[in-house]
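Read the structure below first, then the notes.
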Number of protein chains: 2
Amino acid sequence: MPANRTHPGRYSLKNERPLIMTKPPTRIQKRNQAAILSAGLDIFSQFGFRGSTLDQIADAAGLSKPNLLYYFPSKEAIHAALLARLLETWLDPLKALNGNGDPVKEIMGYAQRKLALSKDYPRESRLFANEILQGAPRIETILHSDLKNLVDEKATVIRSWADAGKIAPVDPYHLIFSIWALTQHYADFDVQVQAVMPGSDPYAGAATYLDHVISRILQP
Amino acid sequence: MPANRTHPGRYSLKNERPLIMTKPPTRIQKRNQAAILSAGLDIFSQFGFRGSTLDQIADAAGLSKPNLLYYFPSKEAIHAALLARLLETWLDPLKALNGNGDPVKEIMGYAQRKLALSKDYPRESRLFANEILQGAPRIETILHSDLKNLVDEKATVIRSWADAGKIAPVDPYHLIFSIWALTQHYADFDVQVQAVMPGSDPYAGAATYLDHVISRILQP
DNA sequence: TCTTGGTTTGACCAGATGGTCAAAACAACG
DNA sequence: CGTTGTTTTGACCATCTGGTCAAACCAAGA
């Protein structure tokens with residue numbers, strides 16, 4: 001019987017329920033898929049989708065190009081898998097903002113969680129930045145649905161805090177934008193930050209500064 | 001006598017003194033070079049250097065590819081010309097920060113000038129963002145020299161203001177980073193901003209919010 | 001109008017790129 | 001060890017890409 005000609009694994013942005021008969025991935029599949037995703041993250045986050053090549057990714061993963069394409073059916077598929085994995089975790093910090101908690105604490109906590117994400121997952125941050133810069137062709141619908149809904153929801157919460165006088169009367173949307181901007185900057189513009197502050201770890205100072213900024217912004 | 005085989009115009013990042021015998025550009029040269037630079041800006045700012053193709057740029061400029069290469073000797077040259085033009089204006093707002101002026105007014109003025117730049121030149125902002133995201137291979141030296149020197153100089157000014165109690169004791173480097181982040185975000189992540197706040201012009205709200213933020217940050 | 005020099009283009013090239021395929025190599029297990 | 005399904009690869013292909021070139025075209029002044 002000829003070998004199975006389909007590719008192992010799943011890699012879609014759409015919710016593809018795992019088929020009942022899907023075999024569990026072998027040890028080798030796990031290792032190589034992880035290597036490919038990590039390599040793809042390195043390359044895509046640096047050069048964007050169109051600027052990256054399968055050869056680069058294969059090199060970085062330590063595999064031959066045909067072997068790459070044995071695990072993922074196309075360049076697109078690798079990219080889609082990375083974006084899917086990214087989006088899963090990317091919105092979590094905002095989801096965790098609790099409307100029943102202490103306003104200032106909640107918002108500062110959110111900002112710090114987001115900063116930690118930039119520190120611990122700078123490649124993911126740059127992958128996302130690249131995607132947005134290029135017009136977000138592959139995640140536009142998600143931005144307009146999931147992201148917008150989540151932001152609308154939390155903006156309502158923040159606005160109610162402002163109306164109740166618990167925080168200063170700021171525009172909640174711009175507040176959220178500013179937290180995104182302030183935190184992602186350290187990952188996305190790392191080269192520039194390093195050029196201006198050579199040798200130092202910017203994240204320590206950034207955390208302190210961020211605390212200062214947010215608390216000042218929110219003081220009623 | 002055969003036609004001049006060199007390309008018209010200048011397009012180097014290095015300071016290339018205009019040769020004495022350089023002929024003034026013709027009407028057609030001016031028009032086409034401008035069209036190419038504008039088209040290049042459109043394409044490069046969206047796809048980055050490696051993700052952009054000469055065909056795309058030629059199409060956008062309404063020229064054939066060989067005609068493109070009659071005006072600029074290579075893809076690199078177009079990109080370099082754009083970066084050079086960009087860097088000229090990009091540092092101006094910070095240069096204009098006056099150490100003898102009123103601290104809060106100066107810093108708020110700087111932030112507003114930077115925001116205006118994002119609003120009026122979003123493509124330039126994205127070109128820069130793309131370059132930084134990709135590791136700034138073509139402007140690294142400038143970041144380490146011109147940019148760093150300028151930031152160091154202004155950071156000293158800001159620190160002296162803080163030491164004199166005229167503004168809150170903030171880290172001047174992170175203050176500058178935060179101004180960059182807050183203002184560039186609206187140009188670089190425009191798609192995301194538009195997805196979350198559809199239809200509205202974010203810059204009006206951004207200017208108000210920015211004023212609020214900066215004044216709060218700096219209150220002694 | 002003719003000449004001259006700037007401008008535009010079709011045809012072309014070498015190398016890169018995404019992707020395919022059949023066959024070989026290998027791991028696992030009875 | 002032999003069988004079976006998984007993994008890996010060399011060779012290959014069509015298309016794209018940056019760039020070249022000689023020839024054709026055109027604008028403008030003498």
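Values reported hereafter were calculated over all heavy atoms of this structure, with side chains retained and with hydrogens, waters and symmetry mates removed. Since the model is a prediction, treat every value here as computed from it, not as a measurement. Lettering of chains follows the sequences in order, A, B, ..., and the numbering in each one begins at 1.
- Residue B/Asn67 places none of its side-chain N or O atoms closer than 4.0 Å to OP1 or OP2 of C/dG10.
- In this structure, B/Gln33 places its CD atom 13 Å from C1' of C/dT7, rounding to the nearest Å.
- Side-chain atoms of B/Gln184 never come within 3.5 Å of backbone atoms of B/Ala181 as a donor-acceptor pair (strictly under, hydrogens ignored).
- In the set D/dT20, C/dG19, C/dT8, D/dT20 carries the atom at the smallest distance from any side-chain atom of B/Pro66.
- Nearest to the side-chain atoms of B/Ser74 among the listed nucleotides D/dG19, D/dT9, D/dT7 stands D/dG19.
- Comparing D/dT17, D/dT7, D/dG19 by their nearest atom to the side chain of B/Leu54 picks out D/dG19.
- Using modelled atom types, one side-chain atom of B/Glu131 and one backbone atom of B/Arg138 make a donor-acceptor pair closer than 3.5 Å.
- Comparing B/Arg50 and B/Ile28 by the nucleotide of DNA chain D whose heavy atom lies nearest to each, the residue mapping closer to the 5' end is B/Arg50.
- No engagement by B/Arg31 is indicated, since no non-hydrogen atom pair under 4.0 Å with the nucleic acid exists.
- Each of D/dA28, C/dT17, C/dG10 was ranked by its minimum atom distance to the side chain of B/Arg27; first place goes to D/dA28.
- In terms of phosphate contacts, B/Tyr70 brings no side-chain nitrogen or oxygen within less than 4.0 Å of OP1 or OP2 of C/dT9.
- Of the possible donor and acceptor atoms, one in the side chain of A/Glu106 sits under 3.5 Å from a partner among the backbone N and O of A/Asn98.
- Between the side chain of B/Ser118 and the main chain of B/Thr183, a donor-acceptor pair closer than 3.5 Å is present.
- Going from atom OH of A/Tyr71 over to atom C1' of D/dT8 covers 8 Å, rounded to whole Å.
- Classified by interplanar angle (parallel below 30°, tilted 30° to 60°, perpendicular above 60°), the ring pair A/Phe44/A/Phe49 is parallel.
- Under 3.5 Å, the side chain of B/Lys75 and the base of D/dG19 form no donor-acceptor pair of N or O atoms.
- A sub-4.0 Å separation between OP1 or OP2 of D/dT6 and a side-chain N or O of A/Asn32 is absent.
- Proximity note for B/Gln29 (side chain, C-beta onward) versus C/dG6, C/dG18, D/dA11: the nearest is C/dG6.
- Straight-line distance from the CD1 atom of A/Ile57 to the P atom of C/dG18: 8 Å, rounded to whole Å.
- Contact annotation: A/Ser64 side-chain N/O to D/dT8 OP1/OP2 distance is not under 4.0 Å.
- The NE2 atom of B/His79 sits 15 Å away from the C1' atom of D/dG18 (whole-angstrom rounding).
- Taking atom NZ of A/Lys30 as the reference point, atom C1' of D/dT7 lies 17 Å away to the nearest angstrom.
- Between the CG atom of B/Leu69 and the P atom of D/dT17 there is a distance of 14 Å, given to the nearest Å.
- Distance, A/Glu76 CD to C/dT17 P: 17 Å, rounded to whole Å.
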Show the numbers, then the answer: is there a side-chain contact (heavy atoms from CB on, under 4.5 Å) between A/Phe189 and A/Val196? CA-CA 11 Å; A/Phe189 289 74; A/Val196 171; over 6 Å; no
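- Per the geometry, CZ belonging to B/Phe47 stands 15 Å off C1' belonging to D/dT17, to the nearest Å.
- Nearest-nucleotide positions on DNA chain D place A/Gly62 closer to the 5' end than the other of A/Gly62 and B/Phe49.
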